[in-house]
Amino acid sequence: MKKNVLVFPCGSEIGLEVYRSLKHSTHFNLIGANSVEDHGRFVFENYIGDLPFINSGSFIPAMKRLVKELAIDIIYPAMDSVIALLKEHEEELGCPVVGSPAATTAICLSKKETYRVLDGVVRVPATFEKEEVDSYPVFVKPVVGYGSRGARKITNAAQLTCHLEEYPDSVITEFLPGEEYTVDCFTDREGRLLFSGARLRNRISNGISVNTRPVESGVEEFEEIARTINGKLTFRGAWFVQLKRDADNKLCLLEVASRLGGSSSLFRNKGVNFAQMSLFDLLEIPVSVIENRYSIEMDRALDNKYKLGISYNEVYIDFDDCLFLEKQFYNTDVMAFLFTCFNKGIKISVLSRHRENLTEKLDKLHISFLFDKVLHLTNGERKSDYITNPDSIFIDDSFAERKEVALQKGIPVFGLDMIECLI
């Protein structure tokens with residue numbers, strides 16, 4: 001029987017990576033929850049909005065009600081401050097919370113506390129009080145924060161004063177000029193570090209690594225840092241370390257987080273599914289790691305999801321240069337949409353002026369099973385004459401064909417550039 005997993009906040013980069021990691025799982029049923037309306041409601045099929053904010057006194061009671069009403073088996077927190085809060089209240093919530101112990105999450109939440117605990121264990125950056133800064137540049141970041149909010153390279157005293165007025169609860173550190181890395185890690189319930197994989201953060205946007213690839217040489221120094229930190233702090237499940245090289249090319253700690261990294265999907269696509277392993281380990285199911293040994297690079301950009309205010313029970317679609325592309329064979333975007341319709345029981349009718357025998361062509365392509373009707377126009381008829389279902393949509397690469405159907409039938413019409421909003 002599937003376990004019900006509540007992901008909160010489900011629209012964060014972490015929540016979305018949890019979704020991508022588990023959406024096809026036969027073991028877990030995902031339920032997304034949010035306090036604000038964001039991308040999560042476009043992604044999670046089971047979605048709850050309007051939860052109180054975590055700094056509200058009503059947040060924990062609201063979570064307790066959700067756990068009871070929805071028979072939640074596990075909560076998967078998807079933001080650092082949420083992890084710390086939920087781990088603190090884990091017993092009263094009525095179900096386990098994915099993550100390391102509360103003491104570890106509290107240390108990881110604070111940069112100052114992280115540096116204090118790990119000073120002398122690994123190389124941590126030098127920190128200063130404002131009056132101690134006598135040379136620039138320095139780097140300033142919030143003691144508690146995420147992404148790049150409030151983090152900035154400071155080049156002079158006036159800039160430092162101005163920045164601290166805006167972000168008073170900040171830590172001032174030495175500036176590290178070298179390359180930046182993330183080491184994605186997994187520790188099981190016995191405290192064993194089962195995986196550590198370093199990746200170079202080639203391009204960063206809003207604190208998120210949007211271009212990353214695995215470190216392929218000199219990995220031993222990264223593995224040693226991960227082992228050392230794992231020996232000092234008590235982790236369970238996925239966690240990561242961020243490192244940067246100093247002026248002498250030595251690795252220095254930036255932060256430790258007791259959660260999976262948003263761009264750990266790089267290693268997921270080598271076989272290391274951090275979210276799934278974290279859930280299995282929480283359920284005390286033994287896990288192991290198989291990492292495929294191929295090169296891989298990940299580049300991220302804004303993605304689009306849509307919710308359409310229409311309903312339909314049949315799709316009429318053209319064949320040539322629409323479903324079938326002569327040089328590329330199938331149009332894979334269109335095929336993905338048609339299989340989605342097939343799974344939902346939506347009728348599909350191909351409507352085409354194809355020059356050859358259309359039925360034989362569909363058989364040859366092994367896709368004839370998809371279509372409820374094959375409408376083959378051979379005498380210059382109007383396509384609108386064959387569309388008899390008013391609760392349908394029409395897809396064609398030809399603007400003229402779409403215009404004719406739209407005018408005659410008044411149904412929604414779609415070009416190939418619009419397929420993404422249907423999937």
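Here the structure is a predicted model, which is why all the values come from computation and not from measurement. Quick note: residue numbers are just sequence positions, from 1.
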Can you classify the ring geometry of F267 versus F195 as parallel (below 30°), tilted (30 to 60°) or perpendicular (above 60°)?
perpendicular
Salt bridge (charged side-chain N to carboxylate O under 4.0 Å, His left out) between E314 and K373, intermediate numbers included
CA-CA 10 Å; E314 186 169 1; K373 290 182 288 187; 3.3 Å; yes
Can you name the closest pair of heavy atoms from C95 and D73 and give their distance?
CB-O, 3.5 Å
In terms of heavy-atom contacts, A33 and F8 come closest through O-CD1, 3.2 Å
Counting only N and O atoms by type, is there a donor-acceptor contact under 3.5 Å from the side chain of K270 to the main-chain atoms of Y294?
yes
What's the verdict on side chain to side chain contact (heavy atoms under 4.5 Å, CB included) for R123 and L251, showing C-alpha distance, side-chain angles and the deciding distance?
CA-CA 7 Å; R123 160 89 158 94; L251 288 173; over 6 Å; no
Quick one: which of L351, L375, I393 gives a side-chain contact (heavy atoms from CB on, under 4.5 Å) with I387?
L351
Report the C-alpha separation of S384 and F394 in whole Å, then their side-chain angles, then the decisive distance to 0.1 Å, and conclude whether the side chain to side chain contact (heavy atoms under 4.5 Å, CB included) test is met.
CA-CA 10 Å; S384 62; F394 175 68; over 6 Å; no
I'd like to know if the side chain of D281 and the backbone of D188 have a donor-acceptor N/O pair within less than 3.5 Å.
no
Does the pair V413 and Y316 meet the rule for a side chain to side chain contact (heavy atoms under 4.5 Å, CB included), with working shown?
CA-CA 10 Å; V413 297; Y316 292 90; over 6 Å; no
Quick check against the 3.5 Å criterion: does Q242 have a side-chain atom that pairs as donor or acceptor with the backbone of L254?
no
Can any side-chain N or O of H163 pair as donor or acceptor with the backbone N or O of G150 at less than 3.5 Å?
yes
Donor-acceptor contact below 3.5 Å, side chain R268 vs main chain S263
no
Determine whether a donor-acceptor pair (N or O, by modelled atom type, separation under 3.5 Å) exists between the side chain of D391 and the backbone of Y312.
no
Does the separation of the ring centres of F240 and F235 fall below 6.0 angstrom?
no
Side chain to side chain contact (heavy atoms under 4.5 Å, CB included), that's the test. Do F324 and V334 meet it? Break it down for me.
CA-CA 9 Å; F324 180 77; V334 169; over 6 Å; no
Could you check E216 against S295 for side chain to side chain donor-acceptor pair (under 3.5 Å), going step by step and ending with a plain yes or no?
CA-CA 9 Å; E216 295 180 348; S295 62; 5.1 Å; no
Taking 4.0 angstrom as the limit, do R300 and E13 come out as a salt bridge?
yes
Only one of R203, R201, R245 clears salt bridge (charged side-chain N to carboxylate O under 4.0 Å, His left out) with E180; which?
R201
Check: L22 main-chain N/O paired with S25 side-chain donor or acceptor under 3.5 Å
no
Do D372 side-chain atoms and S349 backbone N/O form a donor-acceptor pair below 3.5 Å?
no
Quick check: does any side chain N or O of N331 sit under 3.5 Å from a backbone N or O of C322, one acting as donor and the other as acceptor?
yes
For D318, which of R353, R402, K383, H354 qualifies under side-chain hydrogen bond (donor to acceptor under 3.5 Å, both in side chains)?
K383
Can any side-chain N or O of K87 pair as donor or acceptor with the backbone N or O of T105 at less than 3.5 Å?
no
